[in-house]
Amino acid sequence: YFIANKPRPYIEQWLEQARKSWWTKASDFLAGILGKIGEHVGLIAAIFLLALVSRLLVLPVALKAERDQIVARAHEAEMKDLKARLKGDPRLARAIQAFYRRHGLTPLRNLIGLLFLPVMALSVGAVHTAATVNKPSLLWIPDLSERDPWLVLPLIFAALFALYCDWAFGRGKKQRVVLWVLALTLLTVTGTLLSAAADLYIVFTAVLLLLQRAVVT
């Protein structure tokens, strides 16, 4: 038998790149751009710019979806009456479509806004990778590529998203209390699993989401 020679460095690099998925390559590419911008304005400012750009990518659809949600909520009684009167009637589907046209609602088109979720996931990975390379600090956090030791950022992003959910979907005191408890618990736990840099990106995103809601309202 023989002992195989160690592959040459350029071959190892090629193999390493070939084994990466397209998602990892996209995340690394975005992390490289983020790192270059961070060299000029600082990584924290670069993270905010990434959050802003990622929101702008879906802003037209997101604004329409927010507007439709508010309008649909305002005419909820009309929709309930419509469903009650035509329950079991084949005309119900046409009546609902007429309701949507009358109020300018486009529920299927608004689903395009869900594209923000993979954009957000890709950005979170890129932010973590960039922080791992640059290792910036922020006040009580010596290294943003690590978890927040005091859990301040996870609590902030959980509270911001809970506030948005309360604003958009909360109805009645009991439902809002349940919403806040669930949101704060689940989102804080999620935040503790991420690096502080990723938490910071989500905090910026949540702030922009609240500003979007305020504009539409």
Side-chain angles (χ1 to χ4, degrees), residues 23-24 26-28 30-39 41-59 62 66 113-215 217:
W23 181 270
T24 303
S27 181
D28 290 345
L30 185 58
I33 296 176
L34 195 64
K36 291 180 181 179
I37 297 175
E39 293 176 358
V41 300
L43 187 61
I44 294 175
I47 292 174
F48 174 75
L49 289 175
L50 178 61
L52 181 61
V53 170
S54 60
R55 285 306 307 166
L56 290 175
L57 287 175
V58 295
L59 186 61
E66 291 273 16
L114 295 177
L115 291 175
F116 177 70
L117 296 179
V119 171
M120 185 176 179
L122 186 67
S123 299
V124 165
V127 165
H128 174 71
T129 302
T132 303
V133 174
N134 294 279
K135 296 188 178 300
S137 60
L138 174 67
L139 299 176
W140 69 95
I141 307 174
D143 185 357
L144 285 177
S145 65
E146 301 294 335
R147 296 176 181 176
D148 184 346
W150 294 358
L151 303 182
V152 174
L153 291 177
L155 285 170
I156 291 175
F157 108 67
L160 290 173
F161 274 107
L163 177 60
Y164 174 82
C165 292
D166 184 10
W167 194 355
F169 310 109
R171 300 179 184 179
K173 184 177 180 180
K174 183 178 180 180
Q175 184 184 18
R176 287 179 171 175
V177 170
V178 173
L179 189 151
W180 272 90
V181 171
L182 289 176
L184 285 176
T185 303
L186 295 177
L187 294 177
T188 300
V189 171
T190 302
T192 59
L193 301 176
L194 302 174
S195 65
D199 286 336
L200 191 61
Y201 167 81
I202 298 175
V203 166
F204 289 148
T205 300
V207 171
L208 294 172
L209 192 61
L210 287 170
L211 289 175
Q212 171 187 296
R213 182 73 183 187
V215 169
T217 302

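Since the model is a prediction, treat every value here as computed from it, not as a measurement. Values below: every heavy atom of this structure, side chains too, minus hydrogens, waters and symmetry copies.
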So do the side chains of [X] and [Y] get within less than 4.5 Å of each other, counting heavy atoms only?
{"X": "Y164", "Y": "L160", "answer": "no"}
{"X": "Y201", "Y": "V124", "answer": "yes"}
{"X": "L144", "Y": "S195", "answer": "no"}
{"X": "L59", "Y": "Q212", "answer": "yes"}
{"X": "I202", "Y": "M120", "answer": "yes"}

Look up atom [atom1] in [X] and atom [atom2] in [Y], then write down how far apart they are to the nearest 0.5 Å.
{"X": "L182", "Y": "C165", "atom1": "CG", "atom2": "SG", "value": "10.5 Å"}
{"X": "L209", "Y": "E66", "atom1": "CG", "atom2": "CD", "value": "6.0 Å"}
{"X": "L34", "Y": "E39", "atom1": "CG", "atom2": "CD", "value": "10.5 Å"}
{"X": "L122", "Y": "S54", "atom1": "CG", "atom2": "OG", "value": "10.0 Å"}
{"X": "F161", "Y": "L210", "atom1": "CZ", "atom2": "CG", "value": "8.5 Å"}
{"X": "L200", "Y": "I156", "atom1": "CG", "atom2": "CD1", "value": "9.0 Å"}

Would you name the heavy atoms of [X] and [Y] that are closest together and state the gap between them?
{"X": "N134", "Y": "G35", "value": "ND2-CA, 4.2 Å"}
{"X": "A196", "Y": "I141", "value": "CB-CD1, 3.8 Å"}
{"X": "P154", "Y": "D199", "value": "CG-OD2, 3.4 Å"}
{"X": "A131", "Y": "P136", "value": "O-CD, 3.7 Å"}
{"X": "A158", "Y": "A183", "value": "CB-O, 4.2 Å"}
{"X": "W23", "Y": "P118", "value": "CH2-O, 3.3 Å"}

According to salt bridge (Lys or Arg N to Asp or Glu O under 4.0 Å), who are the partners of [X], at least two apart in sequence or on a separate chain?
{"X": "R55", "result": "none"}
{"X": "K135", "result": "D143"}
{"X": "D148", "result": "none"}

Could you walk me through whether D28 and T129 pass the side-chain contact (heavy atoms from CB on, under 4.5 Å) check? CA-CA 7 Å; D28 290 345; T129 302; 4.2 Å; yes
Any donor-acceptor pair under 3.5 Å from T217 side chain to A214 backbone: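 Checking the backbone N and O of A214 against the side chain of T217, no donor-acceptor pair under 3.5 Å is found.
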Expected output: side-chain T190 to main-chain L186 donor-acceptor under 3.5 Å: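 Side chain of T190 to backbone of L186, a donor-acceptor pair under 3.5 Å: yes, one is there.
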Run L153 and F157 through side-chain contact (heavy atoms from CB on, under 4.5 Å) and show every step you take. CA-CA 6 Å; L153 291 177; F157 108 67; over 6 Å; no
Just to verify, which of I47, L50, L49, L43 counts as forming a side-chain contact (heavy atoms from CB on, under 4.5 Å) with I37?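 Of the listed residues I47, L50, L49, L43, the side-chain contact (heavy atoms from CB on, under 4.5 Å) partner of I37 is L49.
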Can you tell me if CH2 on W150 sees more than 12 non-hydrogen neighbours from other groups inside 6.0 Å?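 12 or below, so no.
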